[in-house]
Amino acid sequence: MLRKLFLFISLTSILLTLGWVGRQAMLRNKRLENPPVARVHHQYLYKSDVAHLAAEASSPEDHAEMVERYVQSWITKQLMIAAAEACGSDHQAETERRVLDYRYALLVHNFIEKQINAQLNREVSPEEIEDYYQAHQEDFLLRSPVFKSKFVILPQHAPNKASVGQLLLANDAKKKEKLQDYCLKFAHQHSLKEEGWFQWDELTKATSYSKIKNPFRLLNKSKLLQTSDKEYAYYFKISAYKRANEVSPLALVKEQITDMIVYKRKIDLANKIKEEILHKAQKNNDYVIYE
């Protein structure tokens with residue numbers, strides 16, 4: 001009986017030893033396959049942790065530099081964490097609470113963003129833009145004057161330049177078409193859109209008009225402005241203007257209003273998603289408030 005017990009214990013010991021040896025061999029093989037790159041106290045950075053840098057490198061030299069920077073950054077980070085934990089043990093609970101709060105905020109943010117991207121209607125009609133503009137005009141006051149203008153910039157060698165001013169002033173459809181054809185053939189730059197709004201400096205840059213401090217006095221005399229230099233002749237037809245602190249033309253703030261409307265929808269949708277989750281949980285008795 002004792003002999004059998006001795007044989008059982010011996011066999012068990014041998015099996016345990018073989019198992020331990022096998023595990024150690026596996027660990028050695030894993031360490032060979034994935035050796036540590038750096039160590040800080042009991043924390044290790046392994047080869048697999050920097051493997052992703054290979055795809056980002058443009059050359060072996062570049063890869064080596066990226067790995068070196070990554071390792072140095074990791075070491076600094078671990079040493080700072082260790083130093084902070086050693087000196088701030090009294091605030092460990094507060095630190096853990098903040099980490100949990102940050103994790104919660106990040107999870108909720110990603111969840112809400114995913115739901116919003118799937119549900120948000122980003123289409124904004126002209127009527128919605130107009131309604132918002134009329135209701136919030138105090139938000140769209142101009143900081144500087146703007147001018148509604150057509151303009152044509154012609155090289156000095158362009159033919160029949162004298163007719164351009166008359167064509168700019170014309171309201172006849174055939175003359176407008178004639179001017180368009182002329183500009184396509186000869187103009188250095190042009191804009192014949194009626195809705196084009198510009199700041200004075202932007203409109204008249206590279207011309208003598210850009211130095212005028214009060215363009216309104218100039219516009220009282222004529223809506224057609226002409227000037228030239230050695231290279232170009234400049235023609236501007238000013239059809240309207242807005243002074244600083246007046247309400248901006250709708251055309252200039254259209255995109256801004258669109259973004260505002262979409263953003264408000266985003267906030268409303270986020271609140272709706274939270275309310276729906278709370279309502280569903282309440283209906284299913286998923287939470288309890290104890291008095």
Side-chain angles (χ1 to χ4, degrees), residues 34 42-46 48-56 66 70 73-74 76-78 80-144 146 193 195-197 242 245-291:
N34 188 27
H42 300 296
Q43 300 294 326
Y44 286 86
L45 179 71
Y46 291 96
S48 60
D49 296 324
V50 297
H52 66 281
L53 297 175
E56 302 173 15
M66 291 176 69
Y70 189 95
S73 176
W74 181 85
T76 302
K77 177 180 169 183
Q78 298 304 318
M80 293 298 293
I81 291 173
E85 288 179 343
C87 294
S89 57
D90 294 341
H91 304 288
Q92 187 67 25
E94 175 65 14
T95 300
E96 290 179 359
R97 184 190 67 77
R98 291 186 179 184
V99 170
L100 287 174
D101 286 346
Y102 175 76
R103 181 176 181 273
Y104 159 79
L106 186 61
L107 284 171
V108 171
H109 172 77
N110 290 338
F111 168 75
I112 293 292
E113 283 295 309
K114 185 176 180 180
Q115 296 298 315
I116 286 173
N117 289 335
Q119 301 179 40
L120 183 63
N121 175 20
R122 300 180 183 274
E123 296 294 326
V124 181
S125 69
E127 292 76 18
E128 288 177 290
I129 294 173
E130 176 68 30
D131 290 345
Y132 191 98
Y133 174 73
Q134 295 297 338
H136 301 85
Q137 292 202 349
E138 68 279 3
D139 296 333
F140 305 114
L141 300 182
L142 289 165
R143 295 183 178 180
S144 58
V146 292
K193 295 180 180 179
E195 67 272 14
W197 286 90
K242 293 274 190 177
N245 295 320
E246 288 190 87
V247 178
S248 172
L250 177 57
L252 290 181
V253 294
K254 187 176 180 180
E255 290 186 11
Q256 181 184 349
I257 292 174
T258 300
D259 291 341
M260 289 177 172
I261 292 173
V262 172
Y263 179 75
K264 185 178 184 305
R265 287 181 188 172
K266 187 175 181 179
I267 298 300
D268 291 343
L269 182 56
N271 291 332
K272 180 183 176 184
I273 291 169
K274 293 174 186 177
E275 289 173 3
E276 287 177 348
I277 291 173
L278 183 63
H279 178 72
K280 183 178 179 181
Q282 187 179 36
K283 184 178 179 180
N284 296 335
N285 295 318
D286 291 335
Y287 71 90
V288 177
I289 300 175
Y290 296 100
E291 296 182 0

State the CD1-CD distance between Ile129 and Gln134, to the nearest 0.5 angstrom.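 With rounding to 0.5 Å, CD1 (Ile129) is 12.5 Å from CD (Gln134).
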Approximate separation, where rounding is to 0.5 Å, of Met66 CE and Leu53 CG: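 Result: 5.0 Å between the selected atoms.
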What pair of heavy atoms forms the shortest contact from Leu269 to Ile116, and how long is it?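 The pair with the smallest heavy-atom distance is CD2-CA, 3.9 Å.
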Considering residues at least two apart in sequence or located in another chain, which fulfil the side-chain hydrogen bond (donor to acceptor under 3.5 Å, both in side chains) criterion with Ser48?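 By the side-chain hydrogen bond (donor to acceptor under 3.5 Å, both in side chains) rule, Ser48 matches Asn34.
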Using side-chain hydrogen bond (donor to acceptor under 3.5 Å, both in side chains) as the criterion, list what pairs up with Gln43, not counting sequence neighbours.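 Expected list: none.
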Determine all donor-acceptor pairs shorter than 3.5 Å in which one atom belongs to a side chain in residues 252-261; sequence neighbours excluded.
unit_1 : atom_1 : unit_2 : atom_2 : d
Thr258 : OG1    : Lys254 : O      : 2.9

Taking Glu128 first and then Arg265, would you say they form a salt bridge - that is, a charged N and a carboxylate O separated by under 4.0 Å?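 Yes, charged N to carboxylate O under 4.0 Å.
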Residues that [X] engages under salt bridge (charged side-chain N to carboxylate O under 4.0 Å, His left out), provided they are two or more places apart:
{"X": "Asp131", "answer": "none"}
{"X": "Lys77", "answer": "none"}
{"X": "Lys266", "answer": "Glu113"}

For [X], enumerate each residue passing the ring pair (Phe, Tyr, Trp, His ring centres under 6.0 Å) test, keeping only those at least two apart in sequence or located in another chain.
{"X": "His136", "result": "Tyr132"}
{"X": "Phe140", "result": "none"}
{"X": "Tyr70", "result": "His52"}

Could you pull out all residues at least two apart from Asn245 that satisfy side chain to side chain contact (heavy atoms under 4.5 Å, CB included)?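 Here no residue qualifies.
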Report the residues that fulfil side chain to side chain contact (heavy atoms under 4.5 Å, CB included) with Ser73, sequence neighbours left out, ordered by chain and then residue number.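 Expected list: none.
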Show me the donor-acceptor pairs, under 3.5 Å and distance only, between side chains in residues 271-281 and residues at least two apart or in other chains.
unit_1 : atom_1 : unit_2 : atom_2 : d
Asn271 : ND2    : Ile267 : O      : 3.3

